[in-house]
Protein chains: 2
Amino acid sequence: MPETARRPESRYGNRPTMKDVAARAGVGLKTVSRVVNGEPGVTADTERRVQEAIEALGFRRNDSARVLRKGRTASIGLVLEDLADPFYGPLSRAVEEVARAHGALLINGSSAEDPDREQELALALCARRVDGLLIIPAGDDHRYLEPEIRAGVATVFVDRPAGRIDADVVLSDNHGGARSGVAHLIAHGHRRIGFIGDMPRIHTAAERLRGYRTAMEDAGIPVADAWMSLGVTDPERVRRAAEEMLSGPDPVTAIFAGNNRVTVTVVRVLARLSRPVALVGFDDFELADLLRPGVTVVAQDAGRLGRTAADRLFRRLDGTLVAPERIELPTRLITRGSGELPPVG
Amino acid sequence: MPETARRPESRYGNRPTMKDVAARAGVGLKTVSRVVNGEPGVTADTERRVQEAIEALGFRRNDSARVLRKGRTASIGLVLEDLADPFYGPLSRAVEEVARAHGALLINGSSAEDPDREQELALALCARRVDGLLIIPAGDDHRYLEPEIRAGVATVFVDRPAGRIDADVVLSDNHGGARSGVAHLIAHGHRRIGFIGDMPRIHTAAERLRGYRTAMEDAGIPVADAWMSLGVTDPERVRRAAEEMLSGPDPVTAIFAGNNRVTVTVVRVLARLSRPVALVGFDDFELADLLRPGVTVVAQDAGRLGRTAADRLFRRLDGTLVAPERIELPTRLITRGSGELPPVG
DNA sequence: TAGAGCCTGGACAACGTTGTCACAGCCGGG
DNA sequence: CCCGGCTGTGACAACGTTGTCCAGGCTCTA
C-alpha cells in the first residue's frame with residue numbers, strides 16, 4: 001500500500017498506481033505498464049517481480065487514465081425508453097453481447113419517453129466519450145447530436161428513425177407488420193376492426209396506424225373515426241377506449257393493438273366480455289400462448305434488432321461504413337387463436 | 001475546429017478541447033474551465049465570449065479527463081444475471097432512478113450466471129473506477145473484491161449474499177416467503193407437495209428449499225425425495241421433472257415452483273393435464289392474473305430491492321455507513337386461484 | 001577486438017481537465 | 001498618498017496512463 005495519503009479529499013479511495021508498483025518491484029514505471037498490458041520486451045524474472053508487487057498492492061489499472069491517453073473508451077451507450085419494459089430486455093441483452101464480443105462495456109439509461117431526458121442522457125454519454133451511441137429516440141429532433149457525430153461518435157438509431165439528421169437506423173417493418181396483422185383479421189371475416197395505439201408523434205405508432213389504414217383500404221373497407229384510438233397509452237385510458245369501441249351502435253368485432261402494453265390491457269378487457277372479440281397485437285409477449293385464447297401477434301425480434309444495430313455500430317467504428325442506411329427487419333405473424341376468432345355481433 | 005489533426009491514429013475523433021476554446025475566445029484555459037463548470041469569478045462579458053467559442057467549436061467537456069483529475073466517476077456498476085430476465089428489468093430501472101437522482105450513470109452487464117464472467121465484469125467495472133458496485137452474485141466466493149473494497153469501491157450485493165467476504169446485502173425473505181407459500185398449500189389440504197427449484201449452490205434456491213422443508217416440518221409432513229427436483233432450470237428438464245412427480249404411484253397434488261421461469265414452465269405442463277394440480281410460484285410475473293386459474297405467487301418487489309440497494313450504496317459513498325449490514329425485505333403472498341385448488345388424486 | 005545489432009529497461013512528454021496560487025488592477029479608508 | 005483587501009484572470013502542476021526515444025549491456029560476426 002502506498003505510504004502516504006496524498007490524494008485530494010474528493011477521492012473515494014486511495015489506490016496504488018503503476019508508480020507504486022514500480023517502486024515496490026524496483027523497476028521503472030514503463031516496465032510495469034508493459035507487464036500489465038502483456039507487451040513484449042520484459043524478462044521472465046522482471047515480470048515475476050512486477051506481478052508479485054501488483055498482487056501485494058492490489059493494483060488495478062486505472063482505465064480512466066488509459067482512456068485519456070488512448071482516446072478510446074471501449075464502451076458504448078444505449079439510450080432506451082424504459083429498462084423495465086420487457087421489450088427492451090432482450091434488446092439490451094443482445095447489444096450487450098455484441099459489445100462484449102468487441103471488448104466493450106455498455107452504459108445505458110432510460111429516457112422515460114421524454115425528449116429532453118433523451119438529449120440529456122445522450123450528451124452525458126458523449127461527455128464520457130463513449131465510442132458509440134445506440135439510441136431509441138423519444139424525441140423527433142436530433143440535430144443536437146450533429147457536433148458529436150462530426151466529432152466521431154458512431155451513432156445508430158434503433159426501433160425508430162432519427163429526426164432531422166441523417167443517421168443509421170435499424171427498425172422493424174412496422175407498416176408491413178401492422179398491415180399483415182389487420183389483413184389477417186380481415187381474412188377471417190372482420191370488417192369493423194378497431195385500432196388502439198400510441199401517439200402518432202412516435203414513429204412506430206404512426207407506421208402501425210398507417211399499416212392498419214393500408215390493410216383496410218386494400219380490402220375496400222372505409223374506416224370510421226370511432227374505431228381508432230390514438231395517443232392512448234396508460235392502462236386506464238386504453239381500457240376506456242376499448243370499451244367505447246366495443247359498445248355503441250356499431251361495435252367493432254376485432255381489435256388491433258398497437259403495442260404490447262396495449263395488447264395486455266385489451267386482453268384484460270376482453271376477458272370480462274361475454275362475446276368473443278378477435279385480437280391481434282403488435283409485439284409478442286411472454287405467456288401469450290398460455291392465455292385462452294392464445295393471443296395472435298405480429299412479433300418483432302427485439303434481440304435481432306439490438307444485435308443488428310450493435311453490429312452496425314461496431315462496423316462503423318471499424319471505419320468500414322460510410323453512408324447512413326436504413327435497415328428494416330421483417331416481422332412475423334404468430335397465430336394463436338385470438339386473431340382467428342370469427343366476427344360476432 | 002482545431003487547425004491541425006494532432007491526435008494519434010487510435011482516436012476515433014478529433015475534438016476541440018478547453019485549450020482550443022480558450023484560444024478562440026482569447027482567454028486563459030482556466031477561465032474556460034470556470035465557465036464550463038459555472039464557477040463564480042467571471043465577468044458577464046468574458047463568459048459570453050467563452051460561450052460563443054464553445055458553441056462555435058461544438059466543444060463538450062471530456063469527462064474522462066475530469067474523472068482522472070477529480071477521482072470520482074459519477075457512475076456505478078450493476079452486475080446482474082441476465083438483462084433479458086423480466087425480474088431484472090424493474091430492478092435495474094429502480095437502480096437507474098436512484099443513480100440519476102445522484103447524478104450518476106449506470107453501467108451494467110450480465111454474468112449469465114457464470115462466476116468467472118461475474119468476476120471479469122466486476123473487475124472491469126472497478127478498472128473503470130466506478131464509484132460503487134451493485135452485484136447480483138453468480139459465484140460464491142467474492143474475495144477477489146477485497147482489494148477493491150479496501151480501495152474504496154462501495155459494494156452492495158443484491159438478491160443473494162456475498163460469499164466469503166463481509167459486505168452489505170439486500171435480499172428478499174426467501175426462506176419465509178417459500179415457507180408461507182408452502183404453508184398456504186398445506187392449509188388448503190395438500191400433503192404431497194412437490195418442489196422444483198434451481199441448484200442449491202444458488203443462495204436463493206437453497207433458502208427457498210429450506211422454506212419448503214420448514215413448512216412441511218411445521219405441518220409434520222415427511223418429505224419424499226421424489227417430490228424434490230433441484231438444480232433444474234432449463235424448460236425441458238423442468239417439464240420432465242414436473243411430469244415425473246405428477247405420475248408414479250404417489251403423485252403430488254400440488255407444486256411449489258422455486259422461481260418464475262420454473263413457474264411458467266410448470267403452468268405449461270399443468271395446462272395439458274386433465275386433473276387440477278395446485279401451484280404456487282416464487283416471484284410474480286406479468287399476466288399471472290390472466291391465466292385460468294390465476295397463478296398464486298409469493299411476490300418479491302424487484303424495484304424495491306434495487307432501490308434499497310442503490311440507496312444504501314450512495315449512503316455508503318456519502319461516508320455515513322460503517323458496518324456491513326444484511327437487509328431482508330418481506331415477500332407477499334398473492335392468491336389468484338392456482339394455489340387454492342383442493343388436492344385431487 | 002571492434003562494430004553492428006538486439007534486447008531490456010527507463011526518462012520524459014502528452015492526453016484534457018481541475019486545484020492552487022500568484023499577480024494585476026481597483027477600491028476605500030486612514 | 002499609501003496600504004490592505006477584494007476581484008478577475010491566468011500560469012502551472014497534478015491526476016495515472018501510454019508512446020517515443022534513448023541508453024546500456026549483451027551477443028554475434030568479421
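Because the structure is a prediction, the values reported are computed rather than measured. Labels below follow one simple rule: chain letters A, B, ... track the order of the sequence lines, proteins then strands, and each chain is numbered from 1.
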More than 12 heavy atoms from other groups under 6.0 Å of CD on A:Glu52: yes

Phosphate contact (D:dT9 OP1 or OP2) by B:Thr31 side-chain N/O below 4.0 Å: no

Sugar-phosphate, base or nothing in reach of A:Thr43, heavy atoms under 4.0 Å: sugar-phosphate

Out of C:dT8, D:dG16, D:dG19, whichever nucleotide has its closest atom nearest the side chain of A:Lys70: D:dG19

Integer-rounded Å distance: D:dG16 C1' and B:Arg128 CZ: 16 Å

Atom-to-atom span, CE of B:Met18 to P of D:dA13 - whole angstrom: 19 Å

Check: C:dG9 base within 3.5 Å donor-acceptor of A:Arg34 side chain: yes

Closest to the A:Arg69 side chain, choosing from C:dT17, D:dT9, D:dT18: D:dT18

Full working for side chain to side chain contact (heavy atoms under 4.5 Å, CB included) between B:Val36 and B:Met18: CA-CA 9 Å; B:Val36 169; B:Met18 284 191 179; 4.1 Å; yes

Any A:Arg66 side-chain nitrogen or oxygen under 4.0 Å from OP1 or OP2 of D:dT18: yes

Salt bridge flag under 4.0 Å for residues B:Arg49 and B:Asp45: yes

Side chain B:Lys19 and base C:dG16 donor-acceptor under 3.5 Å: no

Touch class at under 4.0 angstrom, heavy-atom based, for B:Ser64 against every strand present: nothing

Nucleotide C:dC7, atom P - distance to CD of A:Glu39 in whole Å: 16 Å

Nearest-angstrom distance from the residue atom CZ of A:Arg49 to C1' of C:dT8: 12 Å

DNA chain D: 5'-proximal contact among B:Lys30 and B:Arg129 (nearest heavy atom): B:Lys30

Nearest-Å distance for atom pair CG/C1', residues A:Leu68 and C:dA13: 13 Å

Non-hydrogen atoms of A:Ser110 and A:Leu121 that approach each other most closely: O-CD1, 3.4 Å

Whole-Å distance separating the CG atom of A:Asn62 from the P atom of D:dA14: 18 Å

Proximal nucleotide (of C:dG9, C:dT18, D:dT18) relative to the B:Arg61 side chain: C:dT18

d(CG, A:Asp63; P, D:dT17) in whole Å: 9 Å

Phosphate-side-chain proximity, B:Ser33 and C:dT18, N/O vs OP1/OP2 below 4.0 Å: yes

Between C1' of D:dT9 and CG of B:Leu29, the distance in whole Å: 12 Å

Inter-residue atom distance A:Phe157.CZ - A:Leu134.CG, 0.5 Å rounding: 10.0 Å

First encountered from the 5' end of DNA chain D, between B:Pro40 and A:Asn37: B:Pro40

Electrostatic pair A:Glu97-A:Arg93, nearest N-O below 4.0 angstrom: yes

Touch class at under 4.0 angstrom, heavy-atom based, for B:Val42 against every strand present: sugar-phosphate

